[in-house]
Colleague: 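Here you go, one structure.
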Amino acid sequence: MIEKTYNPKGIEEKWYDFWNKKGYFHADSKSDKPPFCIVIPPPNVTGSLHIGHALDVTLQDILIRWKRMSGFNTLWLPGTDHAGIATQNVVEKELKKQGLDRHKLGREEFVKKVWEWKEQYGGRIIHQLKSLGASCDWSRERFTLDKGLSIAVKEVFVRLHKEGLVYRGDYIINWCPQCRTALSDLEVDHEEKKGKLYYIKYQFADDSGHVVVATTRPETLLGDTAVAVNPEDKRYKGILGKILKLPLLGREIPVIADEFVDISFGTGAVKVTPAHDPNDFEIAGRHGLPFIKIMTGEGKMTMEAGPYYGQERFECREKVLKDLEAADLLLKVDEHTLSLGYCYRCKTIVEPYLSKQWFVKMKPLAERAISAVKDGRVKIIPSGWINSYLDWMENIKDWCISRQIWWGHRIPVWYCKDMRSTECKVQNGIIVSAEIPEACPHCGAGASALVQDEDVLDTWFSSALWPFSTLGWPDETEDLRTFYPTNVLITGFDILFFWVARMIMMGLKFMNKVPFNHTYIHALIRADSGQKMSKSKGNVVDPLEMTDIYGTDSFRFTLTAFAAQGRDIKFSEKRVEGYRHFINKIWNAARFVLVNLGKDEEIAPVKDSLYLSLADKWILSRFSSVASEVNKSLEEYRFNDSANLLYQFVWHEFCDWYLEMTKPALYGKDENSKKAAVDTLVHVFEATLGLLHPFIPFVTEELWQYLPIGNRTESLCIRRFPTKADGIEDKDAEYKMGLIMDAVSGIRNIRGELNLPPSLELNVTIKTPDKTTDILNENISYISKLAKTANIEIGHDVRKPEDAAVSIKPGMEIFVPLKGLFNVEAEVKRLNKEINKIEGAL
RNA sequence: GCGGGUGUAGCUCAGCUGGUAGAGCACAACCUUGACAAGGUUGGGGUCGCGGGUUCGAAUCCCGUCGCCCGCUCCA
């Protein structure tokens with residue numbers, strides 16, 4: 001006999017190894033079964049599992065296990081991401097502890113170190129995924145820097161370049177002076193901060209007065225090449241074209257007119273710093289202004305900054321302000337809230353910076369991705385995200401894809417130093433090639449004249465190809481034919497733009513088909529305070545700690561029950577404990593089933609039995625509708641609904657009612673009834689384990705092994721997933737049981753008149769109201785409920801009771817046999833005791 | 001500025017297409033009854049943010065309002 005409480009230790013590892021070794025997770029690209037494929041959102045290779053992953057993985061595993069059991073050829077493709085900047089930063093931090101930095105090591109040595117790091121920690125997250133029960137096909141595991149995926153990356157870059165969708169140019173990009181690399185717009189986090197707005201006098205060169213401009217970054221005036229006003233601004237009509245003396249440096253700059261300037265903000269006059277502000281950059285383009293770089297990639301001032309040369313950017317700001325004040329050029333300082341950009345990896349304030357970078361032209365790619373969502377080829381669930389998606393896509397800007405770091409896919413571009421031909425000069429000596437070129441294709445210069453671009457690609461460039469690069473693209477593999485497009489992508493909304501949108505664009509571009517038909521965006525898990533979980537706040541819940549204390553099944557079930565669509569989740573450990581009790585309840589229900597089984601008992605199909613009791617019919621019918629509801633809710637990604645349905649059914653119907661009501665038959669002398677009861681009990685319990693398996697795979701597999709079901713497969717995880725046909729629909733039984741349940745629940749209220757016989761049988765009469773008007777005035781909702789239970793269609797207008805009373809007529813009496821309630825006797829004793837107590841007190 | 005979400009029991013949250021307010025935890029009382037004390041039975045506790053409207057009937061639909069939260073975007 002099995003233990004009284006469920007202890008997951010040992011059981012989880014045992015079954016995971018078993019499933020894995022048996023090859024149940026392996027997908028067959030030649031199978032006749034319909035394919036069902038999910039590619040995992042690849043976690044950071046050196047990362048460790050956080051609770052968001054746990055939710056993500058649990059939901060995917062539920063779908064995969066459910067589809068596998070439902071007869072699909074399932075592929076859940078696992079893998080990891082090299083996570084460019086993130087990983088490089090971690091390794092650099094580690095080197096710093098050893099007194100090293102990457103520049104001392106040199107590129108080759110450094111990259112080697114990162115690979116070593118990857119080898120050392122890369123397996124950790126995979127191991128953690130397995131401990132959650134993730135039924136991935138590990139034979140197909142991928143890493144974004146794998147050879148195959150690298151080929152795909154180069155191929156995409158080359159093809160996009162050929163079509164003019166990849167270009168190189170000087171633009172203002174977001175620059176992190178700490179990481180010393182460009183960042184895409186998405187990699188910048190904005191935060192509102194209280195800052196100051198400084199009003200500075202710019203004097204005319206002819207000493208005929210001054211113009212006041214306002215700025216939040218006074219140090220950038222060192223790079224000003226104009227002051228702009230709105231052409232419509234009457235205040236400044238007279239000064240257009242006049243020359244100003246740049247404060248502190250004395251350099252001469254013109255006053256220009258540009259419509260970009262907002263008349264109502266500040267003084268209506270704007271300093272123009274083309275090399276350090278994206279808007280000013282554009283203004284400069286329109287007016288042919290020079291670009292003066294006053295800052296280096298480290299955030300220090302250049303020679304152009306004159307006396308401020310070499311100063312750090314914020315130090316320089318202070319000095320500039322001091323000097324302005326001394327020169328009586330600082331008119332006033334206002335409080336001003338502004339939103340600052342921070343590097344999403346190192347939290348340093350990002351600097352708008354002019355530099356040469358590679359970009360992807362997004363508009364043409366976005367157009368197709370917009371229509372794919374609009375016409376439903378990609379369905380976003382919940383649909384609330386569609387607006388955000390479209391909004392972003394319709395205002396998309398070009399994507400800066402070059403990063404000045406070393407860990408990642410090196411850009412497949414070489415520069416010819418010789419440029420011996422005009423052709424080569426026209427091309428600026430740029431050679432884009434998937435292979436290492438042996439000579440310059442433009443001018444024939446030898447390999448020694450060619451230098452590869454130093455930069456690597458944004459880490460999201462390779463993830464954008466994930467759904468097809470992992471299946472073998474650009475080769476036309478069997479896997480690609482079978483599993484692309486994938487069925488569903490499950491991820492959090494935080495990477496909707498980073499990743500989901502870009503996959504849709506790339507999938508359409510290179511496969512001509514959307515990468516997935518559905519994408520389910522789940523909620524973000526927050527700490528119970530409602531804040532985002534983060535290490536610095538110390539409010540992180542470690543999933544492995546949860547599984548260690550409560551078991552994987554309890555933890556998975558908690559996450560699933562939490563996963564209501566479209567809202568954030570505040571995590572509470574108490575809920576996990578509650579669901580551990582649920583797991584234990586199932587465990588003990590199994591013990592009940594097992595003690596009521598004879599040794600080697602043959603379990604017959606219940607449909608053949610003529611001796612089914614009301615309770616048997618009822619539970620079979622309930623099972624039928626629960627199975628149908630679970631299938632339906634999973635179909636619609638209502639994970640929490642399916643979890644709650646099962647919780648409700650197992651605990652409050654199967655355990656609370658059915659197990660009690662079947663006892664008289666089980667312990668009775670009638671062999672036929674007993675046989676029918678045992679058959680039903682085992683059958684329903686076994687099928688329920690099937691329904692539960694995708695949610696709580698370990699405990700269900702363990703228990704299933706004890707059940708004597710004929711013609712069984714060797715594992716529950718490949719058992720056919722139950723449908724409503726595994727029960728027997730019997731609305732009449734449900735109706736009658738509903739009345740019994742109502743009556744029993746009402747025992748307390750009618751106890752004064754209750755005269756229960758000592759035997760376990762009694763009759764309860766439920767009398768419907770006498771008059772139609774009573775029904776109308778007081779009992780419409782009651783009638784409505786009864787009608788619902790009895791599955792009677794009532795008219796839309798319940799004000800016409802004759803419609804409602806099709807089978808429940810006014811004054812009609814319904815007799816309900818309350819038979820075999822095991823604990824009625826004890827309940828009566830208790831009630832009488834309490835009544836006596838009350839009477840005694842009176 | 002634009003968009004989205006949310007306000008339900010002491011706490012964390014469910015409540016699909018309108019029909020007598022639910023779960024877990026916490027609390028109180030009783031019960032070791034042949035699966036289960038990680039249990040059972042019963043109970044206390046809610047003006048479903050506030051104000052209107054539609055309806056026989058609204059937590060649910062509509063309008064307004066207050067509070068909290070989250071995205072995107074601009075600001076010199």
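What's counted below: heavy atoms across the whole structure, side chains too, no hydrogens, waters or symmetry copies. Every chain is numbered from 1, with letters handed out A, B, ... down the list of sequences.
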Colleague: Suppose we define a pair by two distances each less than 3.5 Å, Watson-Crick or G-U wobble; what does B:C74 pair with here?
Modeller: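 Partner of B:C74: none.
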Colleague: When you measure from the side-chain N and O atoms of A:K585 to the phosphate of B:A37, is any distance below 4.0 Å, counting only OP1 and OP2?
Modeller: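 No, outside the criterion.
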Colleague: Out of B:G15, B:U41, B:C74, which nucleotide sits closest to the side chain of A:D641?
Modeller: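 From the listed options, B:G15 comes nearest.
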Colleague: Which nucleotide, in any strand shown, forms a Watson-Crick or G-U wobble pair with B:G7, with both distances under 3.5 Å?
Modeller: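 Base-paired to B:C66.
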Colleague: Take atom C1' in B:A9 and the same atom in B:G24, then report the distance between them in whole Å.
Modeller: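 After rounding to an integer number of Å, I get 12 Å for this pair.
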Colleague: Could you please name the option among B:A76, B:A38, B:C13 that lies closest to any side-chain atom of A:R575?
Modeller: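 Nearest to the side-chain atoms of A:R575, counting from C-beta on, is B:C13.
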Colleague: Could you tell me which nucleotide pairs with B:C36 by Watson-Crick or G-U wobble geometry, both distances under 3.5 Å, or answer none if nothing does?
Modeller: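 Check on B:C36: unpaired, no WC or wobble geometry under 3.5 Å.
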Colleague: Are any of A:Y6's side-chain N or O atoms less than 4.0 Å away from OP1 or OP2 of B:G39?
Modeller: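 Result: no.
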Colleague: Quick check on RNA chain B: between A:K271 and A:D189, whose nearest nucleotide comes earlier from the 5' end?
Modeller: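 Its nucleotide being nearer the 5' end, the pick is A:D189.
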Colleague: Return the nucleotide paired to B:A28: Watson-Crick means purine N1 to pyrimidine N3 with N6-O4 or O6-N4, wobble means G-U with N1-O2 and O6-N3, both under 3.5 Å.
Modeller: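 Base partner found: B:U42.
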Colleague: Both distances below 3.5 Å, Watson-Crick or wobble geometry, any strand: find the nucleotide opposite B:C61.
Modeller: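 B:G53 is the nucleotide pairing with B:C61.
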Colleague: Kindly point out which of B:A76, B:C13, B:G40 is positioned nearest to the side chain of A:W651?
Modeller: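 Among B:A76, B:C13, B:G40, the one nearest the side chain of A:W651 is B:G40.
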Colleague: Taking the P atom in each of B:U33 and B:U41, what is the distance between them to the nearest angstrom?
Modeller: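 The answer is 15 Å between these two P atoms.
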Colleague: Considering only atom C1', compute the distance from B:A14 to B:G3 and round it to an integer number of Å.
Modeller: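 Taking atom C1' in both B:A14 and B:G3, they lie 27 Å apart.
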Colleague: Just N and O in the side chain of A:W392: are any of them under 4.0 Å from OP1 or OP2 of B:G4?
Modeller: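 Looking at the OP1 and OP2 atoms of B:G4, neither is under 4.0 Å from any side-chain N or O of A:W392.
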Colleague: Suppose you measure atom P in B:U32 against the same atom in B:C36; what distance do you get, rounded to whole Å?
Modeller: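 To the nearest whole Å, 15 Å.
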Colleague: Figure out the OH/P separation between A:Y198 and B:A76, and round it to whole Å.
Modeller: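 Going from A:Y198 (OH) to B:A76 (P), I get 13 Å.
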Colleague: Suppose you measure atom P in B:G22 against the same atom in B:A59; what distance do you get, rounded to whole Å?
Modeller: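 It comes out at 13 Å once rounded to the nearest Å.
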Colleague: Does A:E351 form a salt bridge (Lys or Arg N to Asp or Glu O under 4.0 Å) with A:R217? I'd like the steps, not just the answer.
Modeller: CA-CA 11 Å; A:E351 197 66 38; A:R217 295 190 298 154; 3.0 Å; yes
Colleague: Specify the glycosidic conformation (syn or anti) of B:G51, with syn defined as within 90° of 0.
Modeller: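 You should classify B:G51 as anti.
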Colleague: Can you check the distance between B:G57 and B:G18, where both ends of the measurement are the C1' atom (answer in whole Å)?
Modeller: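 Result for the C1' pair: 8 Å, nearest Å.
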Colleague: Given that both distances must come in under 3.5 Å, which nucleotide forms a Watson-Crick or G-U wobble pair with B:C48?
Modeller: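 Looking at the geometry, B:C48 pairs with no nucleotide.
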Colleague: Let me know which of A:Y647, A:F555, A:Y550 forms a ring pair (Phe, Tyr, Trp, His ring centres under 6.0 Å) with A:Y579.
Modeller: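 Single ring pair (Phe, Tyr, Trp, His ring centres under 6.0 Å) partner of A:Y579 among A:Y647, A:F555, A:Y550: A:Y647.
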Colleague: Between B:G43 and B:A23, how far apart are the P atoms? Round to whole Å, please.
Modeller: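 Here B:A23 and B:G43 have their P atoms 12 Å from each other.
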Colleague: Is there a Watson-Crick or G-U wobble partner for B:A14 with both distances under 3.5 Å, and which nucleotide is it?
Modeller: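 Answer to the pairing question: none, since B:A14 forms no Watson-Crick or G-U pair.
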Colleague: Distance check: side-chain N/O of A:H581 vs OP1/OP2 of B:G24, anything under 4.0 Å?
Modeller: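 No, because none of the side-chain N or O atoms of A:H581 sits under 4.0 Å from OP1 or OP2 of B:G24.
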Colleague: Establish whether the base of B:C36 is bridged to the side chain of A:K4 by a donor-acceptor pair shorter than 3.5 Å.
Modeller: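 No pair found.
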